[in-house]
Amino acid sequence: MNHPLLRLFDGKEDTSPQLQDDVKELQTDLNRFGFGVQVDGTFGSETEAAVRQFQLDHGLLPDGIVGPQTWAGLADTEPPDPSATFPTTISGSNVVMRAEFAEALKFKTLIDAGAQGIGVPSVVIGGIGSRESGWGISNRPTGPAGTGDFAARKFPTAFRTAALPPDGGYGRGLMQIDFDAFPFARTGNWRDPEANINFGCNVLKSNIALLGRKTSLTGRNLLQAAIAGYNCGAGNVLTAIREGHDIDFFTTGRNYSKDVFSRAGFFQNMGWDS
């Protein structure tokens, strides 16, 4: 099912108008069960009350949030395995994300192999590459050989004599391997999609190992922390945990791992199969 997670106030013009069609589909589905809510594309209190009642009637957690389990109930289909599902807040009609998904499919064999090698779902790597470069769409020039992250940094350093690398931005290739942080981004074959994806996977693997040793996190929580570390460094994630902050406290936008999970969920909804 190609449905995002929906909750109170979704679809409103000042919050998430891109979700209006999805909310209308929800409201139409609820009305098939006799609720009689107004099909207006806005997830208001009437819709929330109907969702809670539907959830109660069908043995679901009555939290008023429409995730994969509730969507499955509305469609009368087998619910997905929660441990293998990444809920998303991204509408299936999102044009930008659909384009990124199409680009990611070009590299799916490489993504699957890299993910399998480190023991994580390949859709997670799909989500990281989406956030980092839109699978090459946001690179300059577009594609695996492009770069990103053109924000100036202090110089000189051991690797630079200017505010930017001499041949582009700091983020290298599909997985945006950082020029200052990794020799691979300065001297390695980062323009090669397979090498770039594998390197990014190994960065994530190292984060999982380090955070697994240094914290009590396990399972999905450990994976989320490792993803946050992909953006801000595992050391900063440890600091965030030690100081009682959210896992994403030091990440760009303070939402990196959550956004990666949401993008992974969008890819799943589009049919990504592992």
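- In this structure, CD on Gln176 lies 12.0 Å from CZ on Arg131, to the nearest 0.5 angstrom.
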Inset, instruction - Evaluate the criterion side-chain contact (heavy atoms from CB on, under 4.5 Å) for residue pair Ile247 and Ile241; output intermediate values, then yes/no. - result: CA-CA 7 Å; Ile247 287 291; Ile241 293 171; 3.8 Å; yes

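- Here the side chains of Lys106 and Glu103 are in contact, with some heavy-atom distance below 4.5 Å.
- Proximity of a side-chain donor or acceptor of Asp112 to a complementary backbone N or O of Ser274 within less than 3.5 Å is not detected.
- No side-chain heavy atom of Thr239 sits under 4.5 Å from any side-chain heavy atom of Phe249.
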Inset, instruction - Would you sort out whether Phe9 and Phe43 count as a ring-ring contact (aromatic ring centres under 6.0 Å, His included), showing the intermediate values? - result: CA-CA 5 Å; Phe9 302 135; Phe43 197 129; 8.8 Å; no

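- With respect to Cys201, the side-chain contact (heavy atoms from CB on, under 4.5 Å) criterion is satisfied by exactly one of Leu110, Ile118, Ile111: Ile118.
- The cationic atom of Arg220 (NZ for Lys, CZ for Arg) lies less than 6.0 Å from the six-membered ring centre of Phe261 and within 45° of the ring axis.
- Distance OG1/Thr157 to CZ/Phe179: 7.0 Å, rounded to 0.5 Å.
- Counting only distance, with no hydrogens or angles, the side chain of Asn196 and the backbone of Trp190 share a donor-acceptor pair below 3.5 Å.
- In this structure, Met175 and Gly129 approach most closely via the heavy-atom pair SD-CA, 4.1 Å.
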Inset, instruction - Apply side-chain contact (heavy atoms from CB on, under 4.5 Å) to Met97 and Phe267, showing your working. - result: CA-CA 9 Å; Met97 284 299 300; Phe267 277 26; 3.9 Å; yes

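- Using a 4.5 Å heavy-atom threshold, the side chains of Asp63 and Val51 count as separate.
- With no hydrogens or angles considered, no side-chain donor-acceptor pair links Ser91 and Gln18 at under 3.5 Å.
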Inset, instruction - Quick one: do Phe86 and Val124 satisfy side-chain contact (heavy atoms from CB on, under 4.5 Å)? Show the steps, please. - result: CA-CA 9 Å; Phe86 295 91; Val124 168; 3.6 Å; yes

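- Under a 3.5 Å cut-off, the side chain of Asn202 and the backbone N or O of Lys205 do not form any donor-acceptor pair.
- Salt bridge absent: Arg254 and Asp259 never bring a charged side-chain N and a carboxylate O closer than 4.0 Å.
- With hydrogens and angles disregarded, a donor-acceptor distance shorter than 3.5 Å links the side chain of Thr88 to the backbone of Ser262.
- Here the side chain of Trp71 pairs no donor or acceptor atom with the backbone of Leu5 at under 3.5 angstrom.
- Interatomic distance, Thr28 OG1 to Phe35 CZ, rounded to the nearest 0.5 Å: 14.0 Å.
- Counting heavy atoms from C-beta outward, Lys258 and Gln224 have side chains that approach closer than 4.5 Å.
- Taking the ring axis of Trp272 as reference, the NZ or CZ atom of Lys108 stays within 45° of it and closer than 6.0 Å to the ring centre.
- At least one donor-acceptor pair under 3.5 Å links the side chain of Asn31 to the backbone N or O of Gly36.
- Applying the salt bridge (charged side-chain N to carboxylate O under 4.0 Å, His left out) test to residues at least two apart or on different chains, the pairs with a partner in residues 36-58 are Glu48-Arg52.
- Across every non-hydrogen atom of Asp22 and Leu6, the tightest pair is O-CD1, 3.7 Å.
- Without hydrogens or angle criteria, Asn236 side chain to Cys232 main chain gives a donor-acceptor distance under 3.5 Å.
- Side-chain contact check for Arg98 versus Met270: some heavy-atom pair is nearer than 4.5 Å.
- Defined by atom type and a distance below 3.5 Å, a donor-acceptor pair is missing between the side-chain atoms of Thr85 and Gln268.
- Side chains of Gln55 and Gln69: no donor on one and acceptor on the other come within 3.5 Å.
- A side-chain donor from one of Tyr256 and Glu132 sits under 3.5 Å from a side-chain acceptor of the other.
- Side chain to side chain, Ser138 and Ser133 fail the donor-acceptor criterion of an N or O pair below 3.5 Å.
- To the nearest 0.5 angstrom, Arg213 atom CZ is 12.0 Å from Ile208 atom CD1.
- The distance from atom OG of Ser206 to atom CG of Leu211, rounded to the nearest 0.5 Å, is 10.5 Å.
- Note on Arg140 versus Asp149: no salt bridge recorded, every NZ/NE/NH1/NH2 to OD/OE distance being 4.0 Å or above.
- Distance alone, capped at 3.5 Å, places no donor-acceptor pair between the Glu100 side chain and the Trp135 backbone.
- Ring centers of Phe54 and Phe33: under 6.0 Å apart, within the cut-off.
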Inset, instruction - I would like to know whether His3 and Val66 meet side-chain contact (heavy atoms from CB on, under 4.5 Å); could you show each step before the answer? - result: CA-CA 9 Å; His3 296 303; Val66 185; over 6 Å; no

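- For Tyr170 and Arg160, the side-chain atoms include at least one donor-acceptor pair closer than 3.5 Å.
- Checked by atom type and distance alone, the side chain of Asp248 pairs as donor or acceptor with a backbone atom of Ser257 at under 3.5 Å.
- When all heavy atoms of Thr89 and Leu19 are compared, the closest pair comes out as O-CD2, 3.8 Å.
- Between Arg7 and Asp10 no salt bridge is recorded (no basic side-chain N to carboxylate O distance below 4.0 Å).
- Interatomic distance, Ile128 CD1 to Ile227 CD1, rounded to the nearest 0.5 Å: 5.0 Å.
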Inset, instruction - Evaluate side-chain hydrogen bond (donor to acceptor under 3.5 Å, both in side chains) for Ser122 paired with Gln116, printing each intermediate quantity in order. - result: CA-CA 7 Å; Ser122 73; Gln116 183 177 9; over 6 Å; no

